[in-house]
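Let me begin by presenting the structure, written as structure tokens, before commenting on it.
For ligands, and for the atoms within them, numbers begin at 1 and follow the listed sequence. Throughout, residue positions are numbered sequentially from 1 according to the sequence presented.
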Amino acid sequence: MCGIVAAAARREVSEILLEGLRRLEYRGYDSAGMALIDNERNLQLHKQQGKVSELEKAQRLQPVLGCTGVAHTRWATHGEPSGVNAHPHISGQRVALVHNGIIENHEALRRELLDQGYEFASGTDTEVVVHLLHRELAAGKNMLQAMQSTARVLEGAYALAAIDTEHPDQVVAARQGSPLVVGVGIGENFLASDQLALRQVTDRFIFLEEGDIVLISPAELQVVDRHGEPVERPLTSISAAVEVVELGAYDHYMLKEIHEQPQALAATFAQASGPGQLDECFGAGAAEVFDRVQGVQIVACGTSYHAGMVARYWLEELAGIACEVEVASEFRYRRRVGHAGTLLVTISQSGETADTLAALRDARQGEFVASLVIANVDNSSLVRESELVFLTQAGMEIGVASTKAFTTQLVALLMLTLALGRRRGMTPQKQREITAALQALPDYVQQTLVLDTAIESLSDAFIPRHHALFLGRGIYYPIAMEGALKLKEISYIHAEAYPAGELKHGPLALVDNDMPVVAVAPGDELLEKLKSNLEEVRSRGAELFVFADRQAGFASEPRVQILPMPHCPEVIKPIVYTVALQLLSYHVALQKGTDVDKPRNLAKSVTVE
Ligand code: F6R
């Protein structure tokens, strides 16, 4: 992943770079660094292990200053998180370079460079790139030519930005498989992984295309395409105010975002508030596409994949339309047999997830009727490259563990179910029921948030445990998966989800009094079967935590704790129950003292495969 920022200006830019890194920290936060060219044309460098705040401390103690610079916040792929492996990497005391992505042929390139006398300081794949660029510059090429020759030999994914003391007012950059945007200023230009990093200095952006190489200085901006031809890329003005996200009264962004869900869900559904507006929420031309859709293929990763799994139940049961769901990293590498009339639906909070984006790009010509993305970030790569777009209205999600993005994705998917269902014989009565349930949803979520203290009291039992099982049946199986994912990613407790009926086919062997078992048991038609499954668990000594409809007929007893959930319409229960599981994970993590908003080894936007 990693986030990069660069600047070429006539004013001092270290603070601009640091602010950019703070805004990009969602992309990685294990180490950070920046390099600037000072007035004497020397490279000035800071690299620190840890979050951007460590870099800020170093800068306060001993400022590095300059008008041209590159900066980086890292999520380690090759080489452990450390000051040495932090970017920028340096070659010959003249070139400094930052990189987001993975260079797949770095071993062969490293051998070649070692033979030519280059010395390596780090264990990263990136260091080969800075030496390659140095080699080309030392041979007399200008910045653009040197980056073109360098990019030509690289295999893998990259966004690169580099400075050279021999060209002190220029930054050269390249994009292949990782996002990169130019921020166009007045008498100054910038580069970043995400326009968000630069909204402090400009509202005019050029989104680079795959294979583009760009040179910026205070006065110039040149883009060449993958064939080396000069190209003009469109300038986009983003006038919406930058969302300033403060913690307010909350201790963590995750908790704040959990509590923002009633408003986010309402805003997402409100996009279709007028009559006949449902199709329009999915973009111009959606109505005509939906008329032709015979099936749905959903592709996503992580939490967004779980949203897709929930949607499969809705689409097949309520809309009567066949639906397949697959994680993007598998989908993209599989030989597929398509079905005529299938709509490709990608789901992504960030709109930048590398595997999901690759799946969209890999879809063969004619394989799908159209592509639809459900995303939370406007102007993201998936949004720009999909034919139809539904934007969830979650607002910026900062906590690495996805909460409000997931539940708003579910609203979008239920709206898709309505849009397709009414074309396939869903009765007006059913449509009205679902619509009314979606309208009432924020209220039921609010009622669930009120259960916070009760949920907090359940969390104690998880603190000394190393493992937990989550069970659900039918549509609640993916909700159990999402509950397990939340718990593992922020509390580091190993948690697995199973469809409750699968228990006796193996996992039951794990169950003893050290294994807490969470059951998502809203009280649907499978309740009686689920009750038998829970008995199987309880008789092996496990402590049970059952999230059940308060009318489902469960009662607390020794080693069985019931969390009575609001009685609400069946169709929205997966969303309402998710909120309770989010709170459970939050409280467990809080008590364990982990970094709730920035769990170890993770990043918010996964732009490497
Ligand atoms: C988990 C989480 C991840 C993301 C996954 C996909 O809480 O946030 O599993 O869901 O990395 O990211 P997006 O939705 O941005 O494509």
Under a 3.5 Å cutoff, is there a donor and acceptor pairing between the side chains of Gln591 and Ser459?
yes
Under a 3.5 Å cutoff, is there a donor and acceptor pairing between the side chains of Asn376 and Thr392?
yes
Establish, from distance only, whether the side-chain atoms of Ser381 and Glu352 form a donor-acceptor pair under 3.5 Å.
yes
Modelled atom types, side-chain donor and acceptor of His78 and Asn85, under 3.5 Å
no
Any idea which part of Val400 is under 4.0 Å from ligand 1, heavy-atom wise: side chain, backbone, both or neither?
backbone
Which atom names give the shortest non-hydrogen contact between Gly285 and Leu388, and what distance separates them?
C-CD2, 4.2 Å
Looking at Gln349, which atoms of ligand 1 are within less than 4.0 Å of one of its heavy atoms?
13 (P), 14 (O), 15 (O), 16 (O)
Please report which non-hydrogen protein atom sits nearest to atom 2 (C) of ligand 1, along with the residue it belongs to and the distance in Å to one decimal place.
Thr303 OG1, 3.7 Å
Please examine the side chains of Ile4 and Leu180, heavy atoms only from C-beta on, and report whether any two atoms are closer than 4.5 Å.
yes
Looking only at the side chains, is there a donor atom on one of Gln349 and Ser304 sitting less than 3.5 Å from an acceptor on the other?
no
What atoms in ligand 1 come closer than 4.0 Å to a heavy atom of Ser304?
10 (O), 13 (P), 14 (O)
Cut-off 3.5 Å, side chains only: do Gln297 and Glu367 have a donor facing an acceptor?
no
Contact atoms of ligand 1, heavy-atom distance to Ala401 under 4.0 Å
7 (O)
Atom 7 (O) of ligand 1 [closest protein heavy-atom partner, distance rounded to 0.1 Å]:
Glu489 OE2, 2.4 Å
Distance from atom 6 (C) of ligand 1 to nearest protein heavy atom, with residue and atom:
Cys301 O, 3.4 Å
Should you measure from each heavy atom of Ser402, which atoms of ligand 1 turn up under 4.0 Å away?
7 (O), 8 (O)
Does even one non-hydrogen atom of Glu352 get within less than 4.0 Å of ligand 1?
no
So for ligand 1, is Ser348 a polar contact partner (N or O within less than 3.5 Å, distance only)?
yes
Any donor-acceptor pair under 3.5 Å linking the side-chain atoms of Ser371 with those of Glu387?
yes
Closest to atom 12 (O) of ligand 1 (heavy atoms only, candidates Val327, Val606, Thr353) is Thr353
Per-atom filter on ligand 1: closer than 4.0 angstrom to a heavy atom of Lys486 are 1 (C), 7 (O)
Is Thr403 in contact with ligand 1, taking contact as a heavy-atom separation below 4.0 Å?
no
